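This report concerns only the one structure given below.
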Amino acid sequence: MTKKRFALVTGGSRGIGKAICLALAKDHKLNILLNYRSNEESAQAVKREVESLNIICELLKFDVANASEVSEKISKWKSENKDSTIDVLVNNAGISDDGLFIFMSENSWNSVLDTSLQGFYHVTQSVLKDMLRARSGRIINMVSLSGLKGNAGQVNYSAAKGAVIAATKALAQEIGKRKVTVNAVAPGFINTEMTADFDAEKYKELIPLNRFGDPEEVANLVSFLASDRSSYITGEVININGGLYS
Ligand code: NDP
């Protein structure tokens with residue numbers, strides 16, 4: 001029996017994650033397992049959009065930073081869906097909480113690392129064994145330009161994304177033999193709620209393409225990395241930043 005193929009996208013209810021859900025559904029007919037933390041209304045809206053493409057979209061609400069919640073929700077889904085596999089994992093959920101390091105509270109430091117770095121650990125742990133057994137799978141981690149070059153005012157965010165970049169490279173070396181690839185996508189400024197308060201006019205001047213990117217442009221890259229066409233790429237960090245830095 002052919003199993004139903006799913007892509008698990010964390011933080012799929014808005015912004016870049018939403019665009020990724022739609023791209024994977026459209027481009028690869030992958031069913032979508034859409035994780036979100038709290039915004040039920042947005043998650044339901046994305047679910048309806050994916051379903052309008054005649055693709056299954058199931059919502060899985062959990063906080064990626066919460067180890068027991070992640071493991072319980074994913075295990076339960078797997079046990080209720082034995083006719084399905086998670087072929088693609090996109091670790092996209094992330095938050096920022098900017099401020100100068102000297103004034104940075106422990107809560108601000110921890111929450112940003114817990115979401116990006118611990119989130120990567122919890123969710124990847126929950127799906128990796130099945131991919132290794134199947135000798136097939138794609139893991140794509142959403143990082144950031146800040147994780148490559150560092151960014152003043154974002155020491156917590158830069159540390160979190162830098163750590164996920166290093167984890168991407170290390171894990172790719174561990175599991176390459178099993179034909180599971182692991183790559184990272186590093187966007188610059190993308191038009192989402194995360195950058196809604198930024199002074200776009202000021203930053204645009206620094207970007208060779210002279211504009212912020214759109215979530216769909218990042219999703220196109222993720223869609224390529226999720227496909228068979230990226231079969232010989234692993235352990236890479238791919239920049240998508242309008243020429244701002246590479
Ligand atoms: P948004 O703030 O627009 O959306 C964030 C998404 O992540 C939402 O779906 C949110 O769920 C979810 N989320 C946040 N925390 C958790 C959590 N603890 N558990 C589960 N889900 C969570 O962000 P973007 O789309 O802009 O960012 C997506 C990714 O891209 C992030 O990793 C970000 O760091 C990265 N990135 C973004 C850039 C940009 O310019 N926008 C640049 C570089 C990297 P809910 O709706 O329920 O709140």
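What you see is a predicted model; the values in this text were computed from it and never measured. Excluded from the calculations below are hydrogen atoms, water molecules and symmetry mates; all remaining heavy atoms, backbone and side chain alike, are included. When a ligand or atom number is given, it counts from 1 through the structure's own listing order.
Across all their heavy atoms, Thr10 and Ala93 have their closest contact at OG1-N, 2.9 Å.
Evaluated by nearest non-hydrogen atom to atom 10 (C) of ligand 1, the leading choice among Arg37, Arg14, Glu40, Lys161 is Arg14. Between the choices Asn92, Asp114, Val164, the shortest heavy-atom distance to atom 29 (C) of ligand 1 belongs to Asn92. Among Ala43, Ser144, Gly188, the residue whose heavy atom sits closest to atom 38 (C) of ligand 1 is Gly188. Proximity annotation for atom 14 (C) of ligand 1: of Leu34, Ile95, Val218, Ile95 comes nearest, heavy atoms only. Here the shortest heavy-atom distance to atom 5 (C) of ligand 1, taken over Ser13, Gly17, Gly94, Gly15, belongs to Gly94. If you check each of Val64, Ile190, Val143 against atom 44 (C) of ligand 1, the one with the closest non-hydrogen atom is Val143.
Taking the six-membered ring for Trp and the full ring otherwise, Trp77 and Phe6 have centroids separated by under 6.0 Å.
Residue Thr192 approaches ligand 1 through these ligand atoms, each under 4.0 Å from one of its heavy atoms: 3 (O), 24 (P), 25 (O), 26 (O), 41 (N). The contact set between ligand 1 and Asp63, taken as ligand atoms under 4.0 Å from a residue heavy atom, comprises 17 (C), 18 (N), 19 (N).
A salt bridge does not link Lys3 to Asp83: none of the charged nitrogens lies less than 4.0 Å from a carboxylate oxygen.
Not a single heavy atom of Lys61 sits closer than 4.0 Å to an atom of ligand 1. Residue Thr195 places a heavy atom less than 4.0 Å from ligand 1.
Side-chain atoms of Ser223 and His28 include a donor-acceptor pair closer than 3.5 Å.
Within the 4.0 Å heavy-atom criterion, both parts of Ile16, backbone and side chain, lie near ligand 1.
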